[in-house]
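Please read the structure below before turning to the comments.
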Amino acid sequence: MLKTHTCGELRLENAGQTVTLAGWVNRRRDQGGLIFIDLRDRWGVTQVVIDQASNPDAHQIASDSRSEFVLQVTGLVRRRPEGTDNPELETGLVEVVADKISQLNASKTPPFYIHKEEKIEEVRRMEYRYLDLRRPRMQQNIILRHRTMKFIRDYLDAQRFIEIETPILFKTTPEGAREFLVPSRYHAGKFYALAQSPQQFKQLLMVSGYERYFQIARCFRDEDLRGERQPEFTQLDLEMSFVEREDVMSLIEALMTDLVEKVSGKQLLFKPFKRLTFREAMESYGSDKPDLRYGLEAIDISDLGGKCAFPVLVSNVAEGKPVKVMRVPGAAKVSGTLLRKQAADLETLARGAGAKGLAYIALPENEAEEVKGPAAKYFTVEQKMELIQRTGAQPGDLLLFISDTRKVVYAVTDILRRTLAAQMNLGDPNILAFCWVYDFPLVEWNEDEKRWDPSHHLFTAPVWDDIQYMDSDPGRMRGQQYDLACNGYEVAGGSIRIHKADLQERILKLIGQDLEHARKMFGHLLEAFTYGVPPHGGIAWGLDRLVMLFAGEPNIREVIAFPKTQTGADIMVNAPSPAAAKQLAEVHISVVEEDIEDEEKGS
RNA sequence: GGGGGUGUGGUGUAGCGGCCUAACAUAUUGCCCUGUCAAGGCAAAGACCGCGGGUUCGAAUCCCGUCAUCCCCGCCA
């Protein structure tokens with residue numbers, strides 16, 4: 001080894017030892033005859049001091065060294081002189097007096113700071129990702145990701161799970177996300193698809209009797225990207241046999257609780273995790289992945305709405321549309337002009353989500369004053385009292401009225417909650433509010449295609465008692481599905497699967513799959529189901545999102561070592577790139593000329 | 001597929017029709033400096049303002065197009 005210690009571990013008790021450190025020049029402070037070098041590796045920073053008078057050779061090398069040079073330093077650890085301690089550094093009580101310095105490598109001036117936290121344009125960071133990853137913040141994120149995965153593996157191993165790899169080169173499936181295609185060289189005109197998830201294989205592993213499988217699996221989806229979505233991402237994929245919904249949920253909850261408490265450094269808001277039915281989540285929060293770190297619930301006041309004098313509300317209620325009110329704490333504690341402007345902004349937002357307007361009542365800070373707002377005059381004093389009582393409103397609060405079709409009410413509730421929470425800074429990033437959402441509808445009516453679509457995926461089992469509605473009222477069937485939401489993100493989702501071929505065929509038929517076609521696509525699975533399948537179920541976590549929340553980062557690129565841009569490009573290696581004609585010929589591909597992008601464009 | 005933001009020395013920003021011969025900070029280079037740790041002092045170098053076109057007497061600034069990137073909607077079983 002070229003080092004005896006890391007740059008983060010020397011303490012007072014090491015004083016007197018001769019050590020060898022190796023790392024990067026974090027900073028150099030040249031005072032002429034005396035040079036200080038902060039030597040950095042991923043464990044920390046240690047100050048090296050070089051005295052020209054006592055060691056001219058080392059001084060010369062130190063003098064020639066620049067930021068990010070790679071040095072090896074041998075010297076004596078000593079307590080720093082009185083008054084020169086640096087409490088900012090973990091190693092700040094000691095320093096290494098250089099006896100010998102070797103320049104293991106020089107470095108060009110880096111394109112951005114390694115040692116200083118500063119916003120750098122993401123393009124630049126991606127272009128020099130290997131330098132970006134040298135920055136402490138990124139190193140912490142990557143280490144946190146490793147610790148998360150290590151913890152999961154150890155935990156599941158102790159629970160008698162085994163990790164099994166499944167193919168990445170899979171085949172196209174008709175349902176689901178757009179896939180990346182891989183042409184076959186042996187089979188002209190045929191293609192593999194990169195696996196969107198190990199879903200089918202993990203179910204087959206249950207058929208094979210492994211009972212407890214997991215995998216930290218790379219998945220691929222060729223859909224448009226977002227801050228929380230990458231074309232390749234990582235799932236913790238897990239499947240268990242002979243279980244019911246509750247078994248999977250409690251195992252996952254125990255694992256997640258332990259993981260959060262031992263690895264993330266974050267605080268759990270709910271222990272045990274909150275549980276909401278899909279319907280409850282939508283009614284109160286307008287989302288199936290609500291952020292529960294704050295209130296801002298939509299409270300149903302349809303009965304009051306029907307009785308008040310507000311014509312729109314009255315007619316909405318008559319048409320069976322709900323009336324909801326959302327209490328925004330303290331939002332009315334501003335001047336009348338500002339309040340009107342803010343309310344107008346919120347109304348614009350609501351309109352964007354499909355609403356026709358957004359009425360409000362502002363409760364004055366001084367209780368003697370009249371309530372304000374365009375909706376105020378339509379409610380009697382008793383009705384206002386009732387509103388205040390039901391919402392728990394305080395002086396200075398703002399009450400927003402949301403009324404439309406359920407779909408619109410949900411959308412407006414969601415967007416208002418997200419926007420207000422962001423504006424009012426309600427989401428404490430140190431708190432993780434995990435919440436199970438369950439009892440999703442099994443299928444949803446697709447108006448465009450005039451057919452039923454699975455709301456999770458087509459292997460999800462219906463709640464057994466709901467199978468009776470299969471033919472009469474499919475929309476009434478609930479799926480044995482469970483999602484785990486956290487701080488407004490979906491971090492995991494799973495279900496108990498169908499384990500009988502006949503039921504699977506009925507579902508395929510229901511969702512409009514031509515049975516012959518379905519047999520072609522899923523024949524292997526249906527066939528497997530005839531050889532004794534255990535009841536089984538599982539879950540898949542979005543590991544990137546979870547680590548993102550643990551790290552307190554705003555997007556998953558910050559916790560992925562080599563991520564891609566929003567157009568799926570890797571700026572560092574310059575992928576994707578054209579393929580040579582010979583390569584294309586081998587895989588029986590010809591590229592249509594007009595589709596080729598002009599290589600000269602841009603830079 | 002659609003909407004929006006951003007693009008100015010290496011980096012981060014300012015400038016938003018003429019005062020721009022483009023400012024500031026930092027980094028870089030040179031010199032000085034033996035207790036610094038955001039080291040300090042002095043000096044120097046460094047930008048055809050993403051690219052192309054247009055409007056104008058005059059464009060970093062306004063308009064159109066284009067490229068890149070970020071955010072959002074659609075999409076993501």
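Chain naming here is simple, since letters A, B, ... match the order of the sequence lines and numbering starts at 1 in each.
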Quick one: does A/R229 reach the base of B/C75 with a side-chain donor-acceptor pair under 3.5 Å?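 Check passes, donor-acceptor contact within cut-off.
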Ion pair present between [X] and [Y], side-chain N to carboxylate O less than 4.0 angstrom?
X	Y	answer
A/K500	A/E505	no
A/R478	A/D439	yes
A/D132	A/R124	no
A/R417	A/D291	no
A/D502	A/R506	no
A/R226	A/D224	no
A/E90	A/R11	yes
A/R545	A/E490	no

Using a cut-off of less than 4.0 Å, is there contact between a side-chain N or O of [X] and OP1 or OP2 of [N]?
X	N	result
A/T567	B/U69	yes
A/Q196	B/C76	no
A/R226	B/C73	yes
A/R178	B/G1	no

Going by distance alone, is a donor N or O of one side chain under 3.5 Å from an acceptor N or O of the other, for A/Q203 and A/E239?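 Looking only at side-chain atoms, A/E239 and A/Q203 do not form any donor-acceptor pair under 3.5 Å.
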Nucleotide of [options] approaching [X] most closely (side-chain heavy atoms):
X	options	answer
A/T565	B/G35, B/C76, B/U69	B/U69
A/R29	B/U36, B/C70, B/U28	B/U36
A/D224	B/U28, B/U36, B/G74	B/G74
A/R27	B/A38, B/A68, B/C76	B/A38
A/A177	B/C33, B/C76, B/C70	B/C76

Which sits closer to the 5' end of RNA chain B, A/Q47 or A/S67, going by the nucleotide each is nearest to?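 Of the two residues, A/S67 wins.
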Of A/L225 and A/G32, whose closest RNA chain B nucleotide lies nearer the 5' terminus?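 Result of the comparison: A/G32.
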Could you tell me the separation between the CD atom of A/Q52 and the C1' atom of B/G35, rounded to a whole number of Å?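 Nearest whole value for this atom pair: 15 Å.
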Rounding to a whole Å, what distance do you find between A/E179:CD and B/C75:P?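 Rounded to the whole Å, the gap is 18 Å.
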Does the protein touch nucleotides 7-13 of chain B at the base, only the backbone, or not at all? Give it as B, S and - per nucleotide, heavy atoms under 4.0 Å. ---BBS-
What's the gap between [N] and [M] when it is taken at their [atom1] atoms, as a whole Å value?
N	M	atom1	value
B/G40	B/U26	C1'	15 Å
B/A27	B/G10	C1'	7 Å
B/A45	B/A22	P	13 Å

For RNA chain B, find the residues of residues 72-90 of chain A with a heavy-atom distance under 4.0 Å and give them by number; none if there aren't any.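 Result for residues 72-90 of chain A: A/R78, A/R80, A/P81, A/T84, A/D85, A/N86, sorted by number.
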Is the distance between the ring centroids of A/F522 and A/F529 under 6.0 Å?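 No: the rings miss the under 6.0 Å criterion.
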